[in-house]
Amino acid sequence: MGLRGKLLQFVLNGMGDGNMLFRPPGEASSVIIRVAAGCPWNRCDFCGMYKGVKYRFHGLARAEQEIKKAARDCGGRTGRVFLADGDVMHLDFPALEKILLMLNQNFQGLARVSLYANGASILAKTDEQLRRLRALKLHTLYMGLESGDDPTLKSVHKRETADEMVEAGERAQAAGLRMSVMVLVGLAGRENSLRHACATAAALNRMQPRLLSALRLIVTPNTPLAADGFKMLSEHEAVAETREMIAGLELRQTVFRADHSSNIIPLEARLPRDKERLLEMLDALLSSGKLDRKTPGNLPFWL
């Protein structure tokens, strides 16, 4: 999917499906258990992660086998578990409930379970079901908003609208779940960069996620964007778009990161406290003349 949140870190597949298993960097210390293969949507033009992987749920019996094996491997003690693959929230409620019950039964000291969740999969659950999942220690949902601009989302075949993803985030957080939201700098290309930045900030202001990650879109060869000849933003344009998005943010309590290797400059802040510091830093960089104005650059620019 370009270099977005799911491509931040990966480990080799331990269940014989022949594809890589992806996880967010924040789950580096988690026990990772794959209960499904691939992504049930798998049509986003920017994503190359699960291309060629047929989505399937491995079933509760196999999930139980993997949970018990993982528990034996770590002595039954872990505070954190990450469930893979691409959208485990897509599973129906009874299956998710059973998996969480099995995790609680097999791991002593379990504190939190996290997974990737698309907006439509969150919306398919009732408020009562979301609260029940939270009670069973489901903790963080990693969701790719990508953009708050509906024309951009439609152009890259994202399943949900911005309003639907905002609603999903609001409902999940109302149930006590934590949202970690990812956006893609450069997804709208050059012509619509400002519109993308402003609309994305507006959507985030409505959702108020506790965690926010901005990643620069890197077009990978196995994606429809590459086949269409999509032109990535230059270094200068990517930083300018990031600056405009941050300028529009009115977040009350959010940890913001743009520290993936795809980003031109590593950023980490707590918003709203550090907003003005970020803007000053980006303004200084944009006026420094150090950024390439014509090409994306093969490597990130590090100050």
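Just so you know, these numbers use all the heavy atoms, side chains as well, and skip hydrogens, waters and symmetry mates.
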Novice: Between Val183 and Leu211, is there shared hydrophobic-cluster membership here, with clusters defined by ILVMFWY side-chain heavy atoms closer than 4.5 Å?
Specialist: no

Novice: Any link between Met232 and Leu225 through a network of hydrophobic side chains (Ile, Leu, Val, Met, Phe, Trp, Tyr) touching at under 4.5 Å?
Specialist: yes

Novice: Does a side-chain heavy-atom distance below 4.5 Å link Asn118 with Arg159?
Specialist: no

Novice: Looking at Arg190 and Glu237, is there a salt bridge between them, counting it only when a charged N and a carboxylate O are closer than 4.0 Å?
Specialist: yes

Novice: I'd like to know whether CD of Gln105 has more than 12 heavy-atom contacts from other residues, nucleotides or ligands below 6.0 angstrom.
Specialist: yes

Novice: What's the verdict on side-chain contact (heavy atoms from CB on, under 4.5 Å) for Leu267 and Ile246, showing C-alpha distance, side-chain angles and the deciding distance?
Specialist: CA-CA 11 Å; Leu267 302 173; Ile246 292 172; 4.3 Å; yes

Novice: Rounded at 0.5 Å granularity, tell me how far NZ in Lys98 sits from CG in Leu91.
Specialist: 14.5 Å

Novice: When you check the gap from the basic side-chain N to the acidic O, do Lys69 and Asp73 get nearer than 4.0 Å?
Specialist: yes

Novice: Enter the distance from Leu187:CG to Asp149:CG here, rounded to the nearest 0.5 Å.
Specialist: 9.0 Å

Novice: Nearest 0.5 Å, please: how far is CD in Glu268 from CG in Asp259?
Specialist: 5.5 Å

Novice: Test side chain to side chain donor-acceptor pair (under 3.5 Å) on Thr161 and Asp163; report intermediate values, then the result.
Specialist: CA-CA 5 Å; Thr161 65; Asp163 283 348; 5.4 Å; no

Novice: Check for a donor-acceptor pair, side chain of Thr254 on one end and backbone N or O of Pro209 on the other, with a separation under 3.5 Å.
Specialist: yes

Novice: For the pair Ile265 and Leu282, evaluate side-chain contact (heavy atoms from CB on, under 4.5 Å) and give the outcome as yes or no after the intermediate values.
Specialist: CA-CA 9 Å; Ile265 177 175; Leu282 294 174; 4.1 Å; yes

Novice: Over all heavy atoms of both residues, which pair between Leu141 and Ala117 is shortest? Give the atoms and the distance, please.
Specialist: CB-CB, 4.1 Å

Novice: Going through the checks in order, is the side-chain contact (heavy atoms from CB on, under 4.5 Å) test met by Ile99 and Ile67?
Specialist: CA-CA 9 Å; Ile99 289 169; Ile67 289 169; 4.3 Å; yes

Novice: I want to check something: taking the side chain as every heavy atom from C-beta on, are Glu170 and Met179 in contact at a cut-off of under 4.5 Å?
Specialist: no

Novice: Just so I know, are the side chains of Ser147 and Thr200 near enough to count as touching, which here means a heavy-atom distance under 4.5 Å?
Specialist: yes

Novice: To the nearest 0.5 Å, tell me how far Lys137 NZ sits from Ser114 OG.
Specialist: 13.0 Å

Novice: Has Glu241 got a side-chain atom pairing as donor or acceptor with Gly186's backbone, closer than 3.5 angstrom?
Specialist: yes

Novice: Are any side-chain N or O atoms of Asn263 and backbone N or O atoms of Arg257, one a donor and one an acceptor, separated by less than 3.5 Å?
Specialist: no

Novice: Taking Asp92 for the side chain and Ala95 for the main chain, is one N or O donor matched with an acceptor at less than 3.5 Å?
Specialist: yes

Novice: Under 4.5 Å between any side-chain heavy atoms of Ser121 and Met143, yes or no?
Specialist: no

Novice: Side chains of Arg80 and Val31, heavy atoms from C-beta outward: is any pair under 4.5 Å?
Specialist: no

Novice: On a heavy-atom basis, which atom in Asp292 and which in Glu235 lie closest, and how many Å separate them?
Specialist: N-OE1, 3.0 Å

Novice: Are Lys68 and Glu64 within salt-bridge range, i.e. N to O under 4.0 Å?
Specialist: yes

Novice: Take Ser262 and His260 through the side chain to side chain donor-acceptor pair (under 3.5 Å) test and state the conclusion after the steps.
Specialist: CA-CA 5 Å; Ser262 66; His260 179 246; 2.8 Å; yes

Novice: Linking I/L/V/M/F/W/Y whenever their side-chain heavy atoms sit closer than 4.5 Å, directly or via other members, would Leu101 and Ile33 fall into one cluster?
Specialist: yes

Novice: Please report the shortest heavy-atom distance between Leu177 and Arg134, naming the atom on each side.
Specialist: CD2-CD, 3.7 Å

Novice: Using the side chain to side chain contact (heavy atoms under 4.5 Å, CB included) rule, pick out the option among Arg132, Met89, Gln129 that qualifies with Leu96.
Specialist: Met89

Novice: Is Leu279 reachable from Met245 through a run of hydrophobic residues whose side-chain heavy atoms are each under 4.5 Å from the next?
Specialist: yes

Novice: Tell me whether Gln208 contacts the main-chain N or O of Glu250 through its side chain, where contact means a donor paired with an acceptor under 3.5 Å.
Specialist: yes

Novice: After noting the C-alpha distance and the side-chain angles of Glu160 and Leu123, does the key distance pass the side-chain contact (heavy atoms from CB on, under 4.5 Å) rule?
Specialist: CA-CA 10 Å; Glu160 302 90 351; Leu123 294 177; 5.9 Å; no

Novice: Apply the side-chain hydrogen bond (donor to acceptor under 3.5 Å, both in side chains) test between Asp85 and each candidate in His58, Arg56, Arg34; give the one that qualifies.
Specialist: Arg34

Novice: Do Leu115 and Val35 make a side-chain contact, defined as non-hydrogen atoms from C-beta onward lying under 4.5 Å apart?
Specialist: no

Novice: Can you list the steps and then say if Arg112 with Thr140 is a side chain to side chain donor-acceptor pair (under 3.5 Å)?
Specialist: CA-CA 8 Å; Arg112 54 180 283 186; Thr140 300; 3.3 Å; yes

Novice: Do Leu215 and Val255 land in one hydrophobic cluster if side-chain heavy atoms of ILVMFWY residues count as linked below 4.5 Å?
Specialist: no

Novice: When you compare the side chain of Thr223 with that of Phe230, does any pair of heavy atoms fall below 4.5 Å?
Specialist: no

Novice: Between Lys294 and Ser234 (side chain of the first, backbone of the second, donor and acceptor by atom type, cut-off under 3.5 Å), is there such a pair?
Specialist: no

Novice: Under the ring pair (Phe, Tyr, Trp, His ring centres under 6.0 Å) test against His90, which residue among Trp41, Tyr55, Tyr116, Phe57 passes?
Specialist: Tyr55

Novice: Do Val181 and Met165 make a side-chain contact, defined as non-hydrogen atoms from C-beta onward lying under 4.5 Å apart?
Specialist: no

Novice: Hey, what do you get for NZ (Lys158) to CG (Asp150), rounding to the nearest 0.5 Å?
Specialist: 12.0 Å

Novice: Where is the tightest heavy-atom contact between Glu146 and Leu153, given as atom of each residue plus distance?
Specialist: CB-CD2, 4.4 Å

Novice: Could you report the tightest heavy-atom contact between Ala63 and Met102, atom names first, then the distance?
Specialist: CB-CE, 4.4 Å

Novice: As an exercise, state the distance from OG1 of Thr78 to CZ of Phe107, rounded to the nearest 0.5 Å.
Specialist: 6.5 Å

Novice: How far apart are the closest heavy atoms of Ala175 and Leu130, and which atoms are they?
Specialist: CB-CB, 3.6 Å

